[in-house]
Amino acid sequence: MTVELGNAVDIGVNEAVAALEQNISNAGIEGVLETIPTYRSLQVVYDPARIRSRDLIDRLSGILSGPVQGVAATRRWTIPVSYGGEHGKDLEFVAGVHNLSSDEVIRIHSGAEYRVYMIGFAPGFAYLGGLPEALHTPRRDNPRALTPARSVSIGGIQAAVSTMPVPSGWHLLGQTPVRTYDLTRPEPFLLKTGDRIRFESISHQEYRRLDAAAEKGDIIAECEVTG
Amino acid sequence: MSASLIVHDPGLFSTIQDAGRWGYLRYGVSNSGAMDKVSLHIANILVGNDPGEAAVEFTASGGVYEAAADSCRIAIVGGNFPVAIDGEPAPPFSSCTLRRGTRIDIGYAISGMRGYLAVAGGFDLTPILGSVSTQVRFGLGGLDGKPLGVGSPIPLRNEEAPPDGDRCLDPALLPSAGGPLRVIMGPQDDYFTEAGKQTFLSAGYRVSDQSDRMGYRLDGPDIEHADDFNIVSDGIAAGSVQVPGNRKPIVLLADRQTTGGYPKIATVISADLHRLAQMGPGETMRFSSVSIAEAEEQYLALAQCLETIARSMEPADAESLKTYRLLSINLIDGIL
């Protein structure tokens with residue numbers, strides 16, 4: 001069952017999705033197996049042997065018309081990024097599109113706060129909202145068949161952090177040493193919908209140092225929890 | 001010596017699949033698991049396993065396997081595949097207990113698309129995110145996230161078959177399989193014209209060659225969008241029928257991506273996904289619309305049907321096996 005809360009890339013819609021999911025979780029509805037938050041809807045997976053759709057719709061309608069309760073704490077991540085060069089092959093192209101220098105693109109991209117709107121497409125792949133308008137860039141005409149793991153990219157009005165090589169038509173600005181997906185950790189997925197992200201520009205040298213630490217299992221991304 | 005099933009020939013495409021990887025859709029990990037969960041379920045209960053235990057899922061052709069254990073009990077269920085055990089035709093809808101070195105030959109499908117080879121006690125594999133199901137695209141589960149290869153032994157939990165004997169089931173109890181695939185319209189059926197929806201529900205759609213565990217691309221009449229064919233991405237359920245800009249429907253299945261940006265005209269009901277999984281390239285399907293309440297009734301009825309099968313299983317004796325063998329060709333067709 002899908003609860004649609006809008007059809008826009010919009011923080012208000014995405015916050016409503018997060019609030020609905022939180023309230024469903026608080027309500028502990030028997031028979032609800034899994035909820036999947038996306039940009040603008042919440043998919044609710046249920047077992048008809050334990051709850052029928054008419055009862056589930058009643059429960060969800062009640063929750064939708066009620067107040068938001070106990071919104072979870074917000075996590076703010078700082079993700080180091082090595083911009084340009086081999087790590088971000090499209091940095092100069094994006095700068096050219098907007099008549100900016102590469103440094104200005106880095107400054108604008110790393111100066112904004114992003115919200116994880118959705119994890120989807122591939123394991124741990126994070127779609128981010130909050131890309132400053134100055135960097136809105138149409139996608140590539142020719143998508144790449146494979147992009148490097150842990151790419152930090154932008155496409156249209158969105159930004160993203162990938163986890164593994166995937167096909168993509170987005171512009172690659174940089175690469176992070178942070179493993180946002182690592183099956184050897186007890187919690188393999190670092191990011192979840194609703195998390196906030198800031199990017200911090202690091203040198204290629206610093207990238208190599210952090211990459212080695214991350215390879216050994218260090219999280220290396222800093223996290224601050226508020227609310 | 002540790003017990004295993006040796007793969008001498010993996011057929012066209014064989015992977016380890018169980019009931020699926022649940023709880024990680026929110027992190028972008030699809031469920032995977034058996035495409036035909038009804039056949040997986042039946043194969044497992046024939047050998048005394050939990051219904052969701054992992055089995056070998058083979059596609060279009062089965063391959064050649066060898067029992068490398070003191071003894072082991074297997075069952076093969078799914079489409080109509082010719083099966084030979086040490087060269088002798090194997091009884092359908094029955095488990096078989098094999099001695100070390102016994103060879104299992106599973107040929108090309110006479111009808112149907114997928115089959116399941118279950119072993120009593122199951123395979124001894126490490127679950128990834130709660131499941132041993134193989135997801136080849138992202139290298140998860142199974143044997144190193146890959147399809148079965150020549151010579152790869154699949155470790156078994158049991159050194160020998162459990163002492164209770166072979167079991168068989170009455171094929172008359174299997175779920176009936178005729179008629180159109182049933183769908184619930186939506187969630188984005190408002191992105192299509194009335195004519196588009198009418199086309200979808202009246203025309204025949206053929207399974208194309210570009211069909212795999214991720215989804216089936218279908219060939220058939222164009223389905224007309226009302227306006228835009230892009231939506232802001234949202235979640236994709238198993239059985240979602242999305243229609244991209246080329247107006248041809250794609251049914252998304254076990255290894256689908258978890259989210260997507262094309263409007264979804266309908267969703268194939270859970271109770272019919274096992275039927276879809278047995279359709280191969282070139283076969284034609286039709287769709288008919290049912291209510292959510294009806295889809296739930298069908299889901300519960302299917303669960304009931306599987307319970308009845310489990311309760312009605314009988315010891316396989318020589319006499320009943322002979323009968324099944326005589327009837328086997330018609331009977332196996334019945335599973336579709």
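Heavy atoms only: backbone and side chains are in, while hydrogens, waters and symmetry mates are out. The structure presented is a predicted model; accordingly, all values stated were derived computationally and were not measured. To find a chain, count down the sequence lines: A is the first, B the second, and so on, and within it residues start at 1.
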Check your understanding: Is it the side chain or the backbone of L33(A) that comes within 4.5 Å of chain B heavy atoms, both, or neither?
Key -> neither
Check your understanding: Got a donor-acceptor contact below 3.5 angstrom from the E34(A) side chain to the W22(B) backbone?
Key -> no
Practice item. Taking Q257(B) for its side chain and A122(A) for its backbone only, find out whether a donor-acceptor pair lies under 3.5 Å. Key: no
Review point. Looking at side-chain heavy atoms only, is the closest gap between R26(B) and Q43(A) below 4.5 Å?
Key: no
**Study point:** Minimum heavy-atom distance T259(B)-I119(A), with the two atoms named
**Key:** CG2-O, 4.4 Å
Practice item. Could you tell me which portion of A8(A) (side chain, backbone, both or neither) has an atom closer than 4.5 angstrom to a non-hydrogen atom of chain B? Key: backbone
Exercise for review: Starting at OG of S233(B), measure out to CZ of F121(A) and round the result to the nearest 0.5 Å.
Suggested key: 10.0 Å
Exercise for review: Indicate the atoms forming the closest heavy-atom contact of G235(B) with S41(A), along with that distance.
Suggested key: N-OG, 4.4 Å
**Study point:** Residue part contacting chain A, namely of A237(B), when any heavy atom lies under 4.5 Å
**Key:** both
Review point. Charged N to carboxylate O below 4.0 Å: is that the case for R54(A) and E296(B)?
Key: no
Review point. Considering residues, nucleotides and ligands other than Q198(B), do more than 12 of their heavy atoms fall under 6.0 Å from its CD?
Key: no
Practice item. Return the option, out of T35(A), T193(A), T163(A), with the maximum number of heavy-atom pairs under 4.5 Å with chain B. Key: T35(A)
Point to revise | Separation between CZ of R52(A) and OH of Y299(B), rounded to the nearest 0.5 Å | key: 11.5 Å
Exercise for review: With the side chain counted from C-beta on, respond yes when I231(B) and N7(A) share a heavy-atom pair under 4.5 Å apart, and no when they do not.
Suggested key: yes
Review point. Between T38(A) and D234(B), do the side chains contain an N or O donor and an N or O acceptor separated by less than 3.5 Å?
Key: no
**Study point:** Residue part contacting chain B, namely of Y181(A), when any heavy atom lies under 4.5 Å
**Key:** side chain
Practice item. Look at the aromatic rings of F189(A) and Y24(B) and report parallel, tilted or perpendicular, splitting at 30° and 60°. Key: tilted
